[in-house]
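Notes follow the structure.
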Amino acid sequence: MSDLSGHYPGRWWHSLPDGRIQCDLCPRDCKLRDGQRGACFVRMREGEQMVLTTYGRSSGFCIDPIEKKPLNHFYPGSSVLSFGTAGCNLACKFCQNWDISKSRDMDRLMDQASPEQIALAAERSGCASVAFTYNDPVIFAEYAIDTAQACHEHGIRTVAVTSGYIHAEPRREFYAVMDAANVDLKAFTDDFYFKLTGAHLQPVLDTLVYLHHETDVWTEITTLLIPGYNDSKAEIEALCNWVRNELGPDVPIHFTAFHPDFKLLDAPPTPPATLTLARQIARAHGLRYAYTGNVHDAEGGTTFCPNCGEALIKRDWHRILDYQVTDDGHCSHCNTPIAGRFGHYSGAFGQRRIPVRLNPAH
């Protein structure tokens, strides 16, 4: 076991004939000599093995509404204990959490917490789930998997907020312990992925297909629309067409607003009209649950019954204004099943974010 100092034996790697070792966690396939770190910064070669340098260490914990992940069909109104570590295996020029994901300062990792401590904190706080978020949990997969297993022992669900950039073998093990995922489908061209994230599109599509067809993980998709980069009508249509054909009509998709940040400061904020158009395109392509995000848009935030058209869950940003889904996930008007995971709704957690310290003495 780890002593929570951070360095923890890493998995998913192999030795190369030239003396280097290759990380097999994600499609970057980083090849390392002793002391070198991968592109994610947190996986490092130490002697003859790979280590994860952020096991047991977090950039901070917050209690959020589940809608903030965003997940609109996974126990709406419930609260989720959210945390991340440092580093990322993508290099998004538009990263909205760059102070965490691009951090090279391990002192930013304020809280030390074992998987069991996190599960107990969620239980004490009345959270229905724990979310691995802020930076991509793929890069701290060992820590996320151990924490997910501890959470399940306490009846706490687990959520991965991820870019989906992971190889097949670790993907199976990672998602075997996740209950829900929101996957960033950042664009629908490989050119965008390569130039703006340093990655490729196909592995993300592979992850989405795997999740939908081979697991029970509840999955939603988020696409951040950046003016002039991935917001053309043709690209949005191609993306929605792929989702409908490959994943079906019931996977919720969130089109969210960009604001200039990190290294992409020349693009303007996303106009609300762009989000509204994207949502209309999605619905026209047969996607039953399409949403807008990062804006006040009651229409774009509301879940409608795909059969009778009634507004079932009215939202403004992350706030639930009205709720009309039965405990077993049906429309309360016509009894049509609503895709997702539902339970008894006793009121929403609300839109506030509550910081939590797990280790105040540290």
Side-chain angles (χ1 to χ4, degrees), residues 12 25 66-82 115 118-119 122-123 127-133 136-138 140-185 203-222 242-254 286-291 303 306 312-313 325-331 336-345:
W12 308 294
L25 178 62
I66 193 68
E67 288 78 15
K68 197 172 177 64
K69 297 306 98 187
L71 288 169
N72 281 358
H73 291 241
F74 187 74
Y75 302 98
S78 64
S79 59
V80 53
L81 181 65
S82 303
I118 294 170
E123 190 174 51
C127 292
S129 53
V130 164
F132 312 103
T133 181
D136 202 306
V138 161
F140 60 92
E142 296 89 346
Y143 186 28
I145 288 170
D146 290 352
T147 301
Q149 290 170 335
C151 286
H152 289 160
E153 290 174 5
H154 290 268
I156 306 294
R157 303 179 188 98
T158 52
V159 173
V161 181
T162 175
S163 297
Y165 209 60
I166 185 171
H167 271 316
E169 182 183 341
R171 181 171 63 205
R172 281 192 298 273
E173 297 182 58
F174 182 79
Y175 286 110
V177 293
M178 297 297 158
D179 297 295
N182 186 291
V183 178
D184 276 337
L185 181 52
V204 183
L205 301 181
D206 292 344
T207 291
L208 284 166
V209 168
Y210 171 79
L211 284 171
H212 186 72
H213 292 288
E214 298 187 47
T215 78
D216 293 323
V217 178
W218 176 252
T219 304
E220 302 190 22
I221 296 169
T222 294
W242 182 88
V243 172
R244 178 64 178 84
N245 290 339
E246 298 296 329
L247 309 180
D250 288 332
V251 174
I253 185 164
H254 305 255
L287 300 182
R288 293 171 178 156
Y289 308 107
Y291 300 100
T303 300
L312 300 183
I313 308 175
V325 178
T326 64
D327 290 358
D328 61 350
H330 288 71
C331 172
T336 295
I338 306 302
R341 305 285 185 267
F342 299 93
H344 178 66
Y345 179 80

Do E220 side-chain atoms and N72 backbone N/O form a donor-acceptor pair below 3.5 Å? yes

Answer whether the closest heavy-atom distance between the side chains of F342 and D327 falls below 4.5 Å. no

Could you check whether any side-chain heavy atom of V80 comes within less than 4.5 Å of a side-chain heavy atom of V130, counting everything from C-beta outward? no

Taking the ring centre of each residue, are H73 and Y291 less than 6.0 Å apart? yes

Once you round to the nearest 0.5 Å, how far does CZ of R341 lie from CD1 of I66? 12.5 Å

Determine all donor-acceptor pairs shorter than 3.5 Å in which one atom belongs to a side chain in residues 157-164; sequence neighbours excluded.
from	atom 1	to	atom 2	distance (Å)
T158	OG1	H152	NE2	3.4
T158	OG1	V177	O	2.7
T158	OG1	D179	N	3.4
T158	OG1	D179	OD2	3.3
T162	OG1	D136	OD1	2.9
T162	OG1	D136	OD2	3.2
T162	OG1	G164	N	2.9

Ignoring hydrogens, what is the shortest heavy-atom contact between E67 and G77? Give both atom names and the distance. OE2-N, 2.7 Å

Output for pair (D250 CG, T219 OG1), nearest 0.5 Å, gives 12.5 Å

State the CG-OG1 distance between L312 and T303, to the nearest 0.5 angstrom. 7.0 Å

Looking at every heavy atom in both A141 and L25, which two are closest together, and how far apart are they? CB-CD1, 4.3 Å

Donor-acceptor pair, side chain of H212 and main chain of G248, under 3.5 angstrom: no

Minimal non-hydrogen separation, S79 against C127, with atom names: OG-CA, 3.4 Å

Hey, could you give me the CD1/CG distance between I253 and L185, rounded to the nearest 0.5 Å? 6.5 Å

I need the F140 CZ to T147 OG1 distance, nearest 0.5 Å. 8.0 Å

Check whether any side-chain heavy atom of Q149 lies under 4.5 Å from a side-chain heavy atom of P115, and answer yes or no. no

Do P137 and F174 come within less than 4.5 Å of each other through their side chains, counting heavy atoms only? yes

Please give me the minimum heavy-atom distance between A128 and S78, naming the atom from each residue. CB-CB, 3.9 Å

Going by the rule ring-ring contact (aromatic ring centres under 6.0 Å, His included), which residues pair with F132 if we only count those two or more places apart in sequence or in a different chain? F83

To the nearest 0.5 Å, what is the distance between OH (Y165) and CZ (R171)? 12.0 Å

Residues E246 and H213: closest non-hydrogen pair is O-NE2, 2.6 Å

Please check if the number of heavy atoms outside D216 that lie under 6.0 Å from its CG is greater than 12. no

Donor on one side chain, acceptor on other, T222 and K69, under 3.5 Å: no

Got a donor-acceptor contact below 3.5 angstrom from the H254 side chain to the P252 backbone? no

Can you find a heavy atom in the side chain of Y175 that is under 4.5 Å from one in the side chain of T207? yes

